[in-house]
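Everything quoted here is computed from the prediction, not taken from an experiment.
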Amino acid sequence: MQISKAIAQPQETINVSALNALTYCPRLYYLQEVEGIREISADMFSGLRLHAELERDGGEEWQQLTLENSPLGLHK
């Protein structure tokens, strides 16, 4: 008798903020995650502009940090 082991395929992770959208409003989750429709609020626009100004002015070096938990299927 031959026993074969299934090869585990990596699961796609979901962004934690997508889970927040899903619990807040399933329609919002669908629009953002399935249809790819996102609106930028005034606060988000202000933050994006501030980050662009900081990058343009130089100064500190910025690093990107990715947090992921594969068993839970989450990333941020």
Side-chain angles (χ1 to χ4, degrees):
M1 180 167 115
Q2 184 178 7
I3 299 174
S4 62
K5 292 183 180 180
I7 298 173
Q9 298 296 323
Q11 294 182 3
E12 186 175 328
T13 59
I14 186 169
N15 194 316
V16 175
S17 60
L19 288 179
N20 182 51
L22 181 61
T23 58
Y24 173 72
C25 175
R27 183 174 178 265
L28 176 63
Y29 171 83
Y30 177 81
L31 291 172
Q32 290 180 343
E33 301 301 319
V34 177
E35 295 293 331
I37 300 171
R38 298 180 188 273
E39 288 189 29
I40 297 179
S41 68
D43 291 335
M44 288 181 70
F45 181 77
S46 177
L48 290 171
R49 194 175 79 211
L50 176 61
H51 280 272
E53 288 174 12
L54 291 172
E55 284 182 23
R56 185 184 61 224
D57 293 342
E60 292 183 31
E61 190 172 312
W62 293 76
Q63 294 181 357
Q64 183 174 349
L65 176 65
T66 302
L67 303 174
E68 186 170 328
N69 185 317
S70 296
L72 293 178
L74 301 173
H75 74 269
K76 179 67 182 154

Side-chain atoms of residues 33-49: list all donor-acceptor pairs with protein atoms under 3.5 Å, sequence neighbours left out, distances to 0.1 Å.
unit_1, atom_1, unit_2, atom_2, d
E33, OE2, R38, NH2, 3.0
E35, OE2, Y30, OH, 2.7
S41, OG, M44, N, 3.2

| note | Sequence neighbours excluded, the answer for side-chain contact (heavy atoms from CB on, under 4.5 Å) partners of N20 is T23
| task | Might you work through the side-chain contact (heavy atoms from CB on, under 4.5 Å) test for H75 and I14, ending with a clear yes or no? | result | CA-CA 6 Å; H75 74 269; I14 186 169; 5.5 Å; no
| query | Pairs in or reaching into residues 19-29: which pass salt bridge (Lys or Arg N to Asp or Glu O under 4.0 Å), with residues at least two apart or in two chains? | reply |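 Listed once each, the pairs would be none.
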| Same apolar cluster (I L V M F W Y, side chains within < 4.5 Å links), L28/V16 |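 No, separate clusters.
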